[in-house]
Amino acid sequence: MYMHIDHTGIAVRDLDEAITFYTTVLGGELVDRYTNTAIGVETELAVIHIGEDVIELLRPTSKTSPIARFMKARGKGVHHIAYRVDDLDEAMAAHKQNGITFLEDTLRTTAKGRRLIYMDPRHSGGVITELCDYPREKQ
């Protein structure tokens with residue numbers, strides 16, 4: 001199964017300040033900024049490219065969003081690492097055969113066309129791990 005790091009999600013309190021750091025200090029390029037108002041997401045995002053790497057800055061827009069809950073428990077910083085796979089359904093099935101469980105309620109397709117799901121963090125020592133694919137690119 002082909003897999004590589006797609007992006008690193010970083011929880012931030014001040015999105016503009018974080019964008020300035022990643023673009024000015026680290027020389028990244030802001031390629032997208034949008035708000036996801038979906039129930040269970042409620043996050044403002046900024047996508048930064050640094051060379052071939054992608055950083056996804058995440059600022060909660062409600063006190064009940066997963067990012068807000070994460071920050072309350074752990075503070076700001078790295079929220080998740082996302083791994084891109086060729087086919088999300090196949091990757092999930094293969095991992096499930098090996099006893100890996102997923103947070104099924106996180107399975108979704110974003111407005112940008114990325115399908116994603118989070119693994120149960122108990123399998124990864126508490127690291128939030130996302131698997132994702134981009135079915136629109138296959139068409």
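- The shortest distance between side-chain heavy atoms of His95 and Met119 falls below 4.5 Å.
- By the 4.0 Å N-to-carboxylate-O rule, Arg114 lies close enough to Glu130 to be salt-bridged with it.
- Minimum heavy-atom separation, Ile117 to Leu103: CG1-O, 3.8 Å.
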Test log, rule side-chain contact (heavy atoms from CB on, under 4.5 Å), inputs Thr35 and Leu45: CA-CA 6 Å; Thr35 301; Leu45 299 97; over 6 Å; no
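- Hydrophobic clustering, with ILVMFWY side chains joined whenever heavy atoms are under 4.5 angstrom apart, groups Leu107 together with Met3.
- Taken from NE2 in His4 to CZ in Arg84, the straight-line distance is 5.5 Å, to the nearest 0.5 Å.
- Tracing side-chain contacts under 4.5 Å through hydrophobic residues (I, L, V, M, F, W, Y), one reaches Leu15 starting from Ile50; they form part of the same cluster.
- Checking side-chain atoms of Thr43 against main-chain N and O of Val41 turns up a donor-acceptor pair under 3.5 Å.
- For Thr23 against Leu30, the heavy-atom pair with the smallest separation is CG2-N, 3.9 Å.
- Nearest heavy atoms, Glu90 versus Asp87: N-OD1, 2.8 Å.
- Figure legend: Lys76 and Phe70 shown without cation-pi pairing, the cationic atom not lying both under 6.0 angstrom from the six-membered ring centre and within 45 degrees of its axis.
- Checked by atom type and distance alone, the side chain of Asp133 pairs as donor or acceptor with a backbone atom of Leu88 at under 3.5 Å.
- Rounded to the nearest 0.5 angstrom, Tyr83 OH and Ile5 CD1 are separated by 4.5 Å.
- Residues Ala82 and Cys132 share a closest heavy-atom pair of CB-SG, 4.5 Å.
- Residue pairs meeting the side-chain hydrogen bond (donor to acceptor under 3.5 Å, both in side chains) criterion with at least one member in residues 12-22, sequence neighbours excluded, are Asp16-Arg33.
- Residues Tyr118 and His80 place their aromatic rings such that the two centres sit under 6.0 Å apart.
- Put simply, the side chain of Ile81 does not reach to within 4.5 Å of the side chain of Thr129, judged on heavy atoms.
- Although no hydrogens or angles enter the test, the distance criterion places a donor-acceptor pair under 3.5 Å between the side chain of His123 and the main chain of Thr101.
- We find the CG-CD1 distance between Leu26 and Ile55 to be 8.5 Å, quoted to the nearest 0.5 Å.
- Within the 4.5 Å cutoff, the side chain of Ile48 has no heavy atoms near those of the Glu29 side chain.
- Between the CD1 atom of Ile67 and the CD1 atom of Ile10 there is a distance of 11.0 Å, given to the nearest 0.5 Å.
- Taking NE2 from His7 and NE2 from His49, the interatomic distance works out to 10.5 Å, rounded to the nearest 0.5 Å.
- Between the Thr24 side chain and the Phe21 main chain, no donor and acceptor come within less than 3.5 Å of each other.
- No donor-acceptor pair closer than 3.5 Å links the side chain of Ser65 to the backbone N or O of Pro60.
- Put simply, NZ on Lys63 and CE on Met71 are 13.0 Å apart, with the number rounded to the nearest 0.5 Å.
- For the side chain to side chain contact (heavy atoms under 4.5 Å, CB included) with Phe102, the qualifying choice from Asp105, Ile100, Thr106 is Ile100, the only one to do so.
- In this structure, the side chains of Tyr134 and Lys112 stay at 4.5 Å or more apart for every pair of heavy atoms.
- Of the options Thr8, Ile19, Val47, a side chain to side chain contact (heavy atoms under 4.5 Å, CB included) to Leu57 is made by Ile19 and by none of the others.
- A distance-only check finds a donor-acceptor pair linking the side chain of Thr61 to the backbone of Glu42 [under 3.5 Å].
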